[in-house]
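What follows is a single structure, written as structure tokens, with notes after it.
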Amino acid sequence: MDLIEKTIDSTLMFEGKILHVYKDTIKLPNEKEAFREYIKHIGAVCVIPVTNEGNVILVKQYRYAVERELLEIPAGKLDSADEDPLDAAIRELKEETGATAEKIISLGLYLGSPAILSEKIHMYLATELTIGETCPDEDEFLEICEIPLETAVKMVINGEIPDGKTQTAILRAAAILGVLK
């Protein structure tokens, strides 16, 4: 069975600085019409920095949409649709933690809510770090935290880190670095 849904019509309902909300009329695989509401997003990156001692550098910040402080890995949106995600990851790592990395490897894509959101988050693991000065964006207020990767894994399992991209990156990094048994 062909599962592809085909666009008949697309209407921009809201255009913001970061996201754009659409309502599309579509044709389903059974030839019936339906609609989809979704948000287009330029894309983003996240990077899990792991020190030579096996610690993860996380940032604590307030997230307005969920009305609470969250512990997350450094992350940010792409500056443009054609920005190299690796370049963006290097930038976000430096801005939020002050770190630069000798080694950065891809952990793949994270799709946070693909039923309604087009955002693709490119995930990276950064190791062999050199720590310098942070330079967060003007509207970014962060607290840097450093914890053992093994502890971060336990926090994910215990539900203490609810952010999905952070959970995924911690578990993938732990598997690659041999922390998960």
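Computed from heavy atoms alone, side chains included, the values below leave out hydrogens, waters and symmetry copies.
Under the salt bridge (charged side-chain N to carboxylate O under 4.0 Å, His left out) criterion, the residue pairs touching residues 159-169 are Glu72-Lys165, Asp163-Lys165, with sequence neighbours excluded.
The 12-atom threshold is exceeded at OH of Tyr62, counting heavy atoms of other residues, nucleotides or ligands nearer than 6.0 Å. Within 6.0 Å of the CD atom in Glu53, the count of heavy atoms belonging to other residues, nucleotides or ligands exceeds 12. Residue Lys120 qualifies as open at atom NZ: its count of foreign heavy atoms under 6.0 Å is 12 or below.
Contact of the Thr11 side chain with the Asp24 side chain is not registered, since no non-hydrogen atoms from C-beta on lie closer than 4.5 Å. Using a 4.5 Å heavy-atom cutoff, the side chains of Tyr38 and Leu117 are not in contact. Taking 4.5 Å as the limit, every side-chain heavy atom of Glu143 sits out of range of all side-chain heavy atoms of Glu69. Annotation: side chain of Arg68 is in contact with side chain of Pro162 (closest heavy-atom distance under 4.5 Å). A heavy-atom distance below 4.5 Å is not found between the side chains of Leu58 and Glu146. Counting heavy atoms from C-beta outward, Val56 and Thr51 have side chains that stay 4.5 Å or more apart. Contact annotation: the side chain of Pro74 approaches that of Pro49 to within less than 4.5 Å [non-hydrogen atoms, C-beta and beyond]. Side-chain contact between Asp2 and Pro29 is absent, with no heavy atoms from C-beta onward closer than 4.5 Å.
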Practice problem: Decide yes or no on side chain to side chain contact (heavy atoms under 4.5 Å, CB included) for Thr97 and Ile131, but give the supporting numbers first. | Solution: CA-CA 8 Å; Thr97 69; Ile131 307 298; 5.7 Å; no

Test log, rule side chain to side chain contact (heavy atoms under 4.5 Å, CB included), inputs Glu83 and Arg91: CA-CA 11 Å; Glu83 181 179 21; Arg91 179 189 69 242; 2.3 Å; yes

Just do the side chain to side chain contact (heavy atoms under 4.5 Å, CB included) check on Ile26 and Phe35 with the steps written out, would you?
CA-CA 6 Å; Ile26 62 156; Phe35 72 91; 5.9 Å; no

Could you walk me through whether Leu107 and Ile48 pass the side chain to side chain contact (heavy atoms under 4.5 Å, CB included) test, one step at a time?
CA-CA 10 Å; Leu107 296 177; Ile48 178 165; 3.8 Å; yes

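The OG1 atom of Thr166 sits 10.5 Å away from the CG atom of Leu171 when rounded to the nearest 0.5 Å. The distance from the CD atom of Glu96 to the CD atom of Glu140 is 4.5 Å, given to the nearest 0.5 Å. Atom CG of Leu109 is separated from atom CE of Met123 by 9.5 Å, given to the nearest 0.5 angstrom. Remark: Cys145 SG to Leu71 CG distance equals 5.0 Å, nearest 0.5 Å. Between Leu93 atom CG and Ile73 atom CD1 the span is 10.5 Å, to the nearest 0.5 Å. Atom-to-atom distance recorded for Ile116:CD1 and Ile39:CD1 is 5.5 Å, nearest 0.5 angstrom.
Side chain of Thr151 to backbone of Ile147: no donor-acceptor contact under 3.5 angstrom is found.
Side-chain heavy atoms closer than 4.5 Å link hydrophobic residues (I, L, V, M, F, W, Y) into clusters, and following such links, possibly through other members, connects Ile90 to Val47. Under the 4.5 Å side-chain heavy-atom criterion for grouping Ile, Leu, Val, Met, Phe, Trp and Tyr, Leu86 is not connected to Val50 through any hydrophobic cluster. Taking hydrophobic clusters as Ile, Leu, Val, Met, Phe, Trp and Tyr residues chained together by side-chain heavy-atom distances below 4.5 Å, Val179 shares a cluster with Ile161.
The existence of a salt bridge linking Glu5 and Lys27 is excluded, since no basic side-chain nitrogen approaches an acidic carboxylate oxygen closer than 4.0 Å.
Shown here for Pro148 and Asn55, the closest heavy-atom pair between the two residues is CA-OD1, 3.2 Å. The nearest pair of heavy atoms linking Cys46 to Ala75 is CB-CB, 3.8 Å. Residue Glu119 comes nearest to Leu111 through the heavy atom pair O-CD2, 3.8 Å, listed as atom of the first residue, atom of the second, then distance.
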